[in-house]
Protein chains: 2
Amino acid sequence: MTKPIAPARAKPSHKAPKPEAGYHHGELQEALIAASEAILAEHGAEAFTLREAARRAGVSPAAPSHHFGNAQGLLTEVAIRGYDALAGALRDTASRKQDTREKLHAQGLAYVEFALKHPGRFQMMFANKRLVADDPRLRQASRAAGREFEIIIAELVGGTPKQAKTAAAAAWSTVHGFAKLALEDKFGSVKSEAGYREIMTMLNHVLNYLWPASNARR
Amino acid sequence: MTKPIAPARAKPSHKAPKPEAGYHHGELQEALIAASEAILAEHGAEAFTLREAARRAGVSPAAPSHHFGNAQGLLTEVAIRGYDALAGALRDTASRKQDTREKLHAQGLAYVEFALKHPGRFQMMFANKRLVADDPRLRQASRAAGREFEIIIAELVGGTPKQAKTAAAAAWSTVHGFAKLALEDKFGSVKSEAGYREIMTMLNHVLNYLWPASNARR
DNA sequence: CTATCTATCTTAACACTGTTAAGATTGGAC
DNA sequence: GTCCAATCTTAACAGTGTTAAGATAGATAG
């Protein structure tokens with residue numbers, strides 16, 4: 001599945017000057033993924049439609065099946081990239097701080113920021129039933145993102161691996177729950193810029209409130 | 001919308017011994033809600049279908065519209081009852097403990113237990129886009145459930161109302177995030193009885209890990 | 001250079017879905 | 001006893017994901 005990455009843009013050298021003539025080439029996968037991400041960004045996770053993705057990519061509704069099998073396959077690819085982006089954001093954030101405690105705090109902020117700025121993608125990443133939940137690459141991408149947390153946590157709390165895992169689960173739960181509740185407007189509207197900033201300062205308080213405990217326990 | 005609660009079961013006294021003859025009467029709302037809850041319990045939130053709910057209630061696909069407007073209306077009613085049940089569970093749980101700290105801990109366990117035992121209902125309660133998100137009764141029911149947390153939290157941490165709200169948000173985020181992540185299999189499979197118990201003991205550790213801080217700060 | 005092969009895409013169809021308008025049926029109000 | 005408003009059905013519409021069968025194009029082999 002997912003093809004061998006395509007032969008690096010095979011050029012139709014003799015005819016058709018524009019690459020959009022007749023048939024798509026190796027770019028369809030990317031075009032479909034991009035189209036899907038655009039839908040998620042513009043209208044949220046529930047608005048995704050395989051046909052709309054195909055429409056935006058300029059192909060027939062049946063075309064995606066040859067590359068991704070079905071809608072779940074395409075969305076799984078989108079989710080994998082989402083986890084990669086999330087892991088990258090968490091890693092970048094941590095790298096910008098010196099103090100371990102600050103790294104964790106910054107990661108918490110970055111996690112929620114990611115969720116609130118890319119709600120459609122974020123929701124889809126955690127909509128197992130719309131994905132191929134047991135896809136190895138998806139599972140690995142998800143675990144890799146979680147590991148970014150564990151690395152900092154282990155540095156902070158020490159203890160046995162199991163203790164670190166529990167602490168990481170606690171941290172992840174907090175920021176994930178906060179993000180989810182915020183996205184469901186449980187802390188007020190997140191649409192306006194003012195609402196967004198209010199929620200982020202609230203998160204700041206929440207993190208300062210909960211996580212000092214981890215610091216004291218090493 | 002949602003009708004004036006129906007005239008208390010108008011009996012077809014003279015004909016038709018069985019109440020299932022020809023037309024439904026004041027019981028359709030209840031029948032549809034029950035059918036919807038059954039679908040959620042059996043196959044999860046994504047499996048819900050208005051037509052299937054109508055099918056189970058023994059009516060045509062168009063019948064629900066007269067009572068709930070559309071699918072969102074019906075699901076909103078289901079979500080309201082879900083929040084009521086959740087609030088009741090949280091209240092009952094708290095009432096069974098003496099120590100405030102234990103009340104909070106027990107509520108955390110009860111929250112996740114509710115989510116894991118009624119995943120379909122729980123997921124639907126937090127699927128704003130599938131509900132009439134601004135329905136006053138829904139908002140009130142949601143707030144009432146959240147208040148069960150705030151009551152205990154305020155008792156535990158004291159401080160200003162805003163501090164209490166922040167602490168409640170922290171507590172709610174933790175258990176909500178844990179439940180959500182568990183439901184997406186991020187802590188291992190929750191299907192088996194063994195997996196369920198493992199996750200609940202993990203939650204126990206998480207709560208003991210995070211919330212003692214609240215205790216120390218009063 | 002030509003023939004063939006295989007991946008890619010389209011067309012057409014199927015079984016679904018939610019929603020709506022128009023008509024039938026009912027029980028109770030007047 | 002007649003009308004009325006609520007309730008339900010029938011029928012239709014636009015839209016969905018998926019599949020099978022056929023068309024097309026690019027690469028490959030002779």
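Around the CZ atom of A:R55, the shell of radius 6.0 Å holds more than 12 heavy atoms that belong to other residues, nucleotides or ligands. Around CD of A:E198, the count of heavy atoms belonging to other residues, nucleotides or ligands within 6.0 Å does not exceed 12.
Closest non-hydrogen pair, B:F149 versus B:L104, comes out as CD2-CD1, 4.3 Å. B:I153 approaches B:A164 most closely through the heavy-atom pair CG2-O, 3.6 Å.
Here A:F187 and A:F178 bring their ring centres to under 6.0 angstrom of each other. Aromatic pair A:Y83/A:F126: ring centres closer than 6.0 Å.
Under a 4.0 Å N-O distance rule, the pair B:R130/A:E46 does not qualify as a salt bridge.
Atom CD in B:Q72 sits roughly 11 Å away from atom P in C:dT20 (whole-Å rounding). The CD atom of B:E27 sits 13 Å away from the P atom of D:dT7 (whole-angstrom rounding). Across the protein-nucleic acid pair, A:F68 atom CZ and C:dT8 atom P stand 11 Å apart, rounded to whole Å. As rounded to whole Å, 16 Å separates atom C1' of C:dG18 from atom CG of B:L131.
Evaluation of the side chain to side chain donor-acceptor pair (under 3.5 Å) test over residues 31-44 of chain A, restricted to residues two or more places apart or in two chains, returns A:E42-A:R56.
Bending across the helix from C:dC1-D:dG30 to C:dC30-D:dG1, expressed as the angle between its end axes from five pairs apiece, amounts to 10° (10° rounding).
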For this session: Report, as a single string ordered 5' to 3', how protein heavy atoms within less than 4.0 Å touch nucleotides 10-17 of chain D: B base, S sugar-phosphate only, - not at all.
Result: B-----BB
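Taking side-chain N and O atoms only, B:H66 has no distance below 4.0 Å to OP1 or OP2 of D:dT9. Distances shorter than 4.0 Å separate none of the side-chain N or O atoms of B:H67 from OP1 or OP2 on D:dA6.
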